[in-house]
Each structure stands twice: as structure tokens, then as C-alpha cells.
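Quick caveat, the model's predicted, so the values are computed rather than measured. So you know, we letter chains A, B, ... as the sequences are listed, proteins then strands, and number each from 1. We use all heavy atoms of the structure for the numbers below, so side chains are in, but hydrogens, waters and symmetry mates are not.
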Amino acid sequence: GAVVSQHPSRVICKSGTSVKIECRSLDFQATTMFWYRQFPKQSLMLMATSNEGSKATYEQGVEKDKFLINHASLTLSTLTVTSAHPEDSSFYICSASPGLAGDTQYFGPGTRLTVL
Amino acid sequence: DAKTTQPPSMDCAEGRAANLPCNHSTISGNEYVYWYRQIHSQGPQYIIHGLKNNETNEMASLIITEDRKSSTLILPHATLRDTAVYYCIVSLSGSARQLTFGSGTQLTVLP
């Protein structure tokens with residue numbers, strides 16, 4: 001089946017620093033990838049849609065200048081959390097679809113971000 | 001995308017079938033029913049999806065009512081590793097379509 005990876009799986013950083021999270025589709029190409037955020041005991045919330053070669057589309061309430069998304073190739077999208085603060089601590093998950101029949105979304109394993 | 005309603009939690013004995021219901025009364029004719037599950041601290045895992053017909057794969061079976069207003073995910077022989085939050089999602093097909101997650105059902109498989 002289609003595989004999506006994320007790196008790192010876990011990161012701890014100091015408040016005010018920036019953190020980059022990578023999302024890769026390992027065995028397929030994806031023109032569109034999605035970034036979700038999940039707080040403890042809550043469901044996944046869509047943050048933004050990452051489009052290869054163009055600007056990302058952000059959901060209402062998500063600051064585009066704080067959560068920078070780059071989708072430079074058909075297999076890689078990156079999410080950079082700039083000037084991270086403790087309230088940005090969360091589980092960040094990406095997804096992508098190989099665009100086959102049914103267009104099933106496949107999810108990465110997630111990245112646990114802890115901002116001290 | 002249509003909204004779904006799922007029970008917040010269910011228990012199932014190990015080795016027995018787990019039947020997880022989902023109501024999606026406002027589903028439109030071209031929307032699919034997708035099921036995912038999320039084991040604690042992992043990304044969601046795709047299970048199965050369908051449009052009108054019942055579907056079966058190596059993981060589960062999906063039963064969709066004739067009016068398409070509800071569906072049931074069946075895990076035929078639940079194991080402890082099936083303990084997870086199960087999400088029923090209704091969405092149009094398309095690689096550019098994001099999925100909207102509800103609260104899901106916490107399934108606990110008991111030994």
C-alpha cells in the first residue's frame with residue numbers, strides 16, 4: 001500500500017525557535033498533501049492544504065506566517081512552525097493520496113512537537 | 001461534506017466481531033463512506049471505503065444501508081491490537097479532497 005513518512009517523529013524545542021517537519025510520499029507522487037494538528041484527547045483538525053508548485057491554502061484561524069508550508073516536489077512537503085510557543089505543542093500529521101481509484105488518503109505516522 | 005454521528009465508545013470481547021455503527025443521513029449521492037482508525041499516538045490508518053455496495057478487504061467489512069444513510073464497519077475477529085479510535089468520514093472522492101474528522105468511536109477490545 002501507499003506509504004507516507006514524517007520526520008522527525010518527535011521534537012522538543014525552546015520557545016521562540018523554529019521547527020521544520022517533513023512529509024514524504026515514499027512510493028507515489030502527490031500534487032496535494034494535507035497538514036493536520038491534533039491536541040490531546042481531540043480529533044484531527046485540518047490546518048492547510050499543500051499544493052505542489054503553488055501556495056498552500058490555510059484553514060480559517062491558522063496563521064500562514066507562523067505555519068510555513070513548502071511543497072517543492074511531488075514527494076515532499078514541509079511544515080515549519082516559526083517562533084514556536086508552548087501552545088503550539090501538538091501532534092502534527094500529514095496525509096497524501098496517490099490519486100488512484102477512490103483517492104484514499106494515506107497518513108504519516110505523525111510528529112509530536114513539544115515547545116518548552 | 002456530510003456530517004457523521006458515531007457512538008463515543010464501545011467494548012468488544014477479543015475474538016468476537018466488532019460492529020461499529022455510523023449515521024450519515026445527509027450524505028449525497030456522490031459521497032463515499034471512508035473508515036479510518038487511529039491507535040494512540042499514531043497517524044490514522046485507512047481501513048476501507050465504499051460508495052453504495054458492501055465492501056470487504058483483509059481488515060474489515062463495510063455494510064452500507066440501501067438508503068445510504070448509515071453504515072456499519074465490521075471487524076470479524078477483534079484482537080487487542082484493534083483497540084483504537086475509529087472514524088467514519090463521508091467525503092467526495094478526489095486526491096485533492098481533505099477529510100473532516102469527527103469525534104470517532106473509541107473501541108476497546110477486552111481480553
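Hydrophobic cluster membership differs between A/L76 and A/Y36, with clusters built from Ile, Leu, Val, Met, Phe, Trp and Tyr side chains linked at under 4.5 angstrom. Connection of A/M33 to A/L68 is not established within any shared hydrophobic cluster, with ILVMFWY side chains joined at heavy-atom distances below 4.5 Å, either directly or through further cluster members. Under a hydrophobic clustering in which Ile, Leu, Val, Met, Phe, Trp and Tyr are joined whenever their side-chain heavy atoms come within less than 4.5 Å, directly or via other members, B/L107 and B/L110 fall into different clusters. A/I69 and A/Y92 fall within a single hydrophobic cluster, where Ile, Leu, Val, Met, Phe, Trp and Tyr are joined by side-chain heavy atoms under 4.5 Å apart, directly or via other members. No continuous path of ILVMFWY side-chain contacts below 4.5 Å connects A/F67 to A/L44, so the two sit in separate hydrophobic clusters.
Within a 6.0 Å sphere centred on NE2 of A/H85, other residues, nucleotides and ligands contribute more than 12 heavy atoms. Summarising the local packing, CE of B/M10 is surrounded by more than 12 heavy atoms from other residues, nucleotides or ligands at distances under 6.0 Å.
Interface remark: of the candidates A/S9, A/G110, A/P109, A/C94, A/P109 forms the most heavy-atom pairs closer than 4.5 Å to chain B. Considering only heavy-atom pairs separated by less than 4.5 Å from chain A, the leading option among B/G102, B/S103, B/G50 is B/G102. If you tally non-hydrogen atom pairs under 4.5 Å between each of A/Q38, A/Q42, A/R112 and chain B, the highest count goes to A/Q38. Most heavy-atom pairs under 4.5 Å with chain A: of the set B/G43, B/G104, B/P44, this distinction falls to B/P44.
Using a 4.5 Å cut-off between heavy atoms, A/L46 touches chain B through its side chain atoms alone. For B/Q45, no part sits under 4.5 Å from any heavy atom of chain A, backbone or side chain.
Interatomic distance, B/I48 CD1 to A/T104 OG1, rounded to the nearest 0.5 Å: 10.5 Å. In this structure, the separation between OH on B/Y46 and OG on A/S95 is 14.0 Å, given to the nearest 0.5 Å. In this structure, NE2 on B/H49 lies 11.5 Å from CD on A/Q105, to the nearest 0.5 angstrom.
Closest approach of B/Q38 and A/F91 over heavy atoms only: NE2-CE2, 4.1 Å.
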B/L99/A/F107 under side-chain contact (heavy atoms from CB on, under 4.5 Å): CA gap, chis, key distance, verdict: CA-CA 11 Å; B/L99 300 176; A/F107 289 80; 4.1 Å; yes

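Between A/F34 and B/F101, the ring centre distance reaches or exceeds 6.0 Å.
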